[in-house]
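The next block holds one structure in the form of structure tokens; read it before the comments.
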2 protein chains.
Amino acid sequence: MKSDNGIKAEELILQAARKVFVKKGFDKTRMQDIAAESGITQSLLHYYFRSKDKLFETVFEQEFSSYLSTMESIVNSDLPLPQKIENLVARRLQDSEGYPVLSYFVLSEMARNPDRMKDNARRAMPIDKKLFDEISAQVADGTIAPIVPNELMINLLSLVLFPVLARPMLQAMMNINDEEFEAFNKQRVQTLPKFVMRALQPLPNEAR
Amino acid sequence: MKSDNGIKAEELILQAARKVFVKKGFDKTRMQDIAAESGITQSLLHYYFRSKDKLFETVFEQEFSSYLSTMESIVNSDLPLPQKIENLVARRLQDSEGYPVLSYFVLSEMARNPDRMKDNARRAMPIDKKLFDEISAQVADGTIAPIVPNELMINLLSLVLFPVLARPMLQAMMNINDEEFEAFNKQRVQTLPKFVMRALQPLPNEAR
DNA sequence: GTCTATACTCTGATAGAC
DNA sequence: GTCTATCAGAGTATAGAC
């Protein structure tokens, strides 16, 4: 049975680990970084979590679950497609501020451990399926232009995740500072859904 | 002055280094991997290139230059915008086969060394400017719908680069194998430009 | 130029006292 | 539960013979 203090230490470690792992990814994170961030000795990290791997898995599992449930609530809502897109974009840009690079975190983990990532992706499949079916239905009744649902989903993910992911490169290319990029992002919450919906508008000769 | 053999060794090392660095990124590449791939002793790598860093810089510089010149020739061509997009997509997917993850390579380097990446991005700026101006002109004369040029450029980059980058995750999500993904990609060369051009079509009330 | 052997450093993990 | 000291392994880089 754990003492009050024990529980607190464990939580402190997790908070610090989350912060550092999300920021630097698995490989570049040192146990010493987490120790410093949490104010807890390095050997205690091992006492509580046994290994760097275990600690990471714990953090990743928490983050990914929270990520999934957010996605889920948006996709399962009763909003029309454009609003869903808007919410997804807004949510992702929110991540990109307070929680700098969650998407990068997920992608880097994917590279580190492809097999386990597959399992995680499978956990996301019910959500995907919901969106997939929704798109299929709208293509069928001509509300949106003919498109393979998977392709639309990939386009959405690309437009939403990539700018968060490649932010440093994009800022350099566009030659703009942090403030300008934030403003750009805020605009994007409005303009991106419009861009997508425009692309999905059926042409006259496609309408039924 | 170098002997014939010396020049050859240097080139062998570079080829092997390119292959391994592009595949695994800087951090996960071991000098031993490059030694094995090239059939040249590890200590000789140091003899020729002094350090892992120097070797990497050399490879990266070559790759990035070649990447730039490809982009340049496409953007500077006289083709209309949709064809340019098609060429860009096709070129990137080509990378994603023979040269698996050049985009990932560039992105990971960006994360590793943001400052130098800024310089590299600046080298790409003349190309960006060309495309930027082209978009501006077409927005101005009403050929395409109003959009901030930078935003369109980011959308293009997202749609083209992200699927290459996140391929493992996407395959897992869509639950498809390599063969199916390749087929999907081939389709995409045709469908993506249409998707984009559709999004850029001016609505009746926007036309001049 | 090329090889073998080895030094050096960084970092995750453990031992063992308290 | 917590700390200090230390080990063990991996990986880059160098020394020095040929």
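Everything numeric here is computed off the predicted structure, so don't read it as measured data. To find a chain, count down the sequence lines: A is the first, B the second, and so on, and within it residues start at 1.
Both tests pass for B:K52 against the ring of B:F26: distance under 6.0 Å to the centre and angle within 45° of the axis.
Using a 4.0 Å cut-off, some side-chain N or O of B:T41 falls inside it from OP1 or OP2 of C:dC3. Phosphate proximity of C:dC3 to B:Y47: absent, as no side-chain N or O sits under 4.0 Å from OP1 or OP2.
If you measure from atom CG of A:L44 to atom C1' of D:dC3, you get 8 Å, rounded to the nearest angstrom. Separating the CG atom of B:L45 from the P atom of C:dC3 is a distance of 10 Å, rounded to the nearest angstrom. Atoms CD (B:E10) and C1' (C:dT2) sit 15 Å apart, rounded to a whole Å. As a whole-Å value, the separation of B:L55 CG from D:dG11 C1' is 15 Å. Regarding B:I34, its CD1 atom lies at a distance of 11 Å from the P atom of D:dA13, rounded to whole Å.
For residues 65-76 of chain A, no residue pair satisfies the salt bridge (Lys or Arg N to Asp or Glu O under 4.0 Å) rule, not counting sequence neighbours.
Residues meeting the side chain to side chain donor-acceptor pair (under 3.5 Å) test with A:E37, sequence neighbours left out: A:K19. Annotation: salt bridge (Lys or Arg N to Asp or Glu O under 4.0 Å) contacts of A:R123 (sequence neighbours excluded): A:E61. Residues satisfying the side chain to side chain contact (heavy atoms under 4.5 Å, CB included) test with A:S43, not counting sequence neighbours, are A:T41. Annotation: ring pair (Phe, Tyr, Trp, His ring centres under 6.0 Å) contacts of B:F49 (sequence neighbours excluded): none.
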Checklist entry - Quick one: what's the B/S/- string for nucleotides 11-18 of chain C, heavy-atom cutoff under 4.0 Å, read 5' to 3'? => result SBBB----

